[in-house]
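First up is the structure itself, then whatever we jot down about it.
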Amino acid sequence: MKQQYDLLVVIPVGPNCKIPFIADTLNSIIHYCLCPYKIILIDDSKKDYGAQLKQNYPDIDVIINQQRFGLLGGLYITLSHAFAYALDNYQFKVLLRMDTDALITGYNPQAEAIELFAKNPKIGIAGFVKRGKEPRDFAGNAVENYWPMHQITTYALTWRFLSKPKANLALRKLVIKALLNGYAMGENIFGGAYIVSELFLQKLREANMLPDYGIRKIYLEEDHIFGLLTKAVDFELGDLESGNLPFGVSWRSLPTSPEELYKRGKKIIHSTKIYKDLNEADIRQFFRDKRSIRAEDEFSPEIKA
């Protein structure tokens with residue numbers, strides 16, 4: 001019988017990741033996740049990062065890619081292997097996929113997603129929804145989304161299809177399936193961190209899309225591919241980012257200051273690499289201090305005057 005968890009966390013690890021930062025991300029999960037959970041690292045580093053981390057975190061699962069798949073379609077393959085492993089070994093309510101430069105910053109980051117999927121089982125993937133050329137995030141920042149719209153149109157629907165006919169034929173077939181189910185060109189859930197349902201992953205597997213090696217070499221990022229796959233199997237994208245919902249994510253930096261993210265109660269943030277004049281060590285220290293303060297508050301008796 002498969003073990004049951006409320007939350008699975010899948011983290012892909014590449015060759016440029018830093019062990020101390022990965023450890024800090026793992027510590028944030030351990031601190032804030034109060035539900036039954038399991039962490040799965042999928043190691044694409046070829047540097048034994050997963051094995052090194054396993055020594056200090058014996059309860060995590062480590063999957064090692066036998067060959068490096070890299071980014072773009074390769075990351076889609078890597079994540080598909082991890083998602084398939086999750087389905088084979090566990091039952092779960094939701095699965096959080098997060099980069100090593102993402103961080104958990106609030107208790108029970110899975111709670112809103114579980115509620116969302118329960119209310120609408122047709123939502124398969126949720127986080128920061130990007131539609132149109134320049135959507136805005138919860139902080140009001142304009143976010144570029146023209147690139148996937150251009151790439152999909154160019155390589156699936158114009159003469160540039162002939163540049164990689166085999167891969168682009170697979171892309172064209174996928175685009176047609178998605179369009180028939182109401183796909184808006186280029187729509188996706190931002191890939192640095194998002195949550196998927198078990199039902200959605202099961203449907204992808206039934207459709208032979210977990211993975212579909214035929215689309216490995218298409219020139220799209222992993223999150224753009226999963227946006228297409230979601231609509232191809234007739235599922236929807238869900239919002240968990242707007243207002244005070246738990247995601248506070250952006251591509252190369254934080255979407256707003258660490259202080260504002262904490263004030264707004266954001267529970268899942270990305271990217272910790274930089275924010276204005278703050279570097280990754282500074283940002284992680286800010287949230288590590290917050291974890292320490294909360295731990296002291298929880299385990300120290302209240303002193304009343």
Side-chain angles (χ1 to χ4, degrees), residues 3 5-90 92 95-105 109-110 191-196 211 221-223 249 251-254 267-274 278-292 295:
Q3 291 178 280
Y5 293 98
D6 286 1
L7 174 67
L8 297 188
V9 183
V10 166
I11 304 176
V13 177
N16 298 320
C17 298
K18 297 180 179 180
I19 292 280
F21 290 160
I22 303 173
D24 185 56
T25 292
L26 294 176
N27 290 338
S28 76
I29 298 167
I30 293 166
H31 180 83
Y32 284 116
C33 293
L34 304 181
C35 66
Y37 70 89
K38 167 64 72 172
I39 300 171
I40 303 168
L41 297 187
I42 182 151
D43 189 351
D44 196 46
S45 71
K46 287 298 180 183
K47 296 182 179 180
D48 294 325
Y49 286 167
Q52 293 177 51
L53 288 158
K54 179 78 171 175
Q55 293 177 8
N56 291 324
Y57 300 90
D59 291 335
I60 67 174
D61 289 2
V62 175
I63 309 166
I64 299 174
N65 276 348
Q66 297 306 306
Q67 67 175 88
R68 275 214 70 229
F69 287 106
L71 300 175
L72 299 171
L75 181 53
Y76 153 70
I77 299 296
T78 290
L79 287 170
S80 292
H81 289 165
F83 296 162
Y85 172 91
L87 289 174
D88 287 340
N89 291 277
Y90 304 112
F92 52 94
L95 183 153
L96 168 62
R97 169 265 192 271
M98 58 189 295
D99 283 342
T100 57
D101 57 328
L103 202 63
I104 303 302
T105 56
Q110 81 292 341
Y194 55 76
I195 294 183
V196 297
E221 299 282 0
E222 151 260 335
D223 45 357
V249 293
W251 181 25
R252 292 179 173 173
S253 71
L254 293 178
K267 301 180 181 182
I268 303 164
I269 66 167
H270 182 283
S271 165
T272 56
K273 288 182 178 178
I274 194 170
L278 299 177
N279 62 28
E280 185 157 14
D282 297 329
I283 292 167
R284 286 182 177 275
Q285 186 63 53
F286 173 88
F287 287 106
R288 192 156 51 245
D289 290 344
K290 294 300 183 184
R291 295 201 297 270
S292 297

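Residues: numbered from 1 along the sequence shown. The structure presented is a predicted model; accordingly, all values stated were derived computationally and were not measured.
Side-chain polar atoms of Arg284 and Thr25 form a donor-acceptor pair below 3.5 angstrom. For Asp101 and Ser271, the side-chain atoms include at least one donor-acceptor pair closer than 3.5 Å.
The backbone N or O of Gly50 lies less than 3.5 Å from a partner atom in the side chain of Asp43, making a donor-acceptor pair. One N or O on the side chain of Lys47 and one on the backbone of Pro15 form a donor-acceptor pair closer than 3.5 Å. For Lys38 (side chain) and Asp59 (main-chain N/O), a donor-acceptor pair under 3.5 Å exists by modelled atom type. With hydrogens and angles ignored, the 3.5 Å screen pairs a side-chain donor or acceptor of Arg97 with a backbone N or O of Gly191. Of the possible donor and acceptor atoms, one in the side chain of Asp44 sits under 3.5 Å from a partner among the backbone N and O of Gly70.
For Tyr57, the side chain to side chain contact (heavy atoms under 4.5 Å, CB included) test picks out Ala23, Leu26, Asn27, Ile30, Leu53, Ile60, with sequence neighbours left out. Taking the side chain to side chain contact (heavy atoms under 4.5 Å, CB included) definition, one finds that Asn279 meets it with Ala281, Asp282, sequence neighbours left out.
When all heavy atoms are compared, the tightest approach of Gln66 to Lys46 is O-NZ, 2.7 Å. The two residues Cys17 and Tyr49 make their nearest non-hydrogen contact at O-CE1, 3.4 Å. Contact between Ala102 and Gly192 at its shortest, heavy atoms only, is CB-O, 4.1 Å.
Ion pairing between a basic and an acidic side chain is recognised when a charged N comes within 4.0 Å of a carboxylate O; Asp24 and Arg291 show such pairing.
Ring centroid separation for the pair Tyr90 and Tyr5 comes in under the 6.0 Å cut-off.
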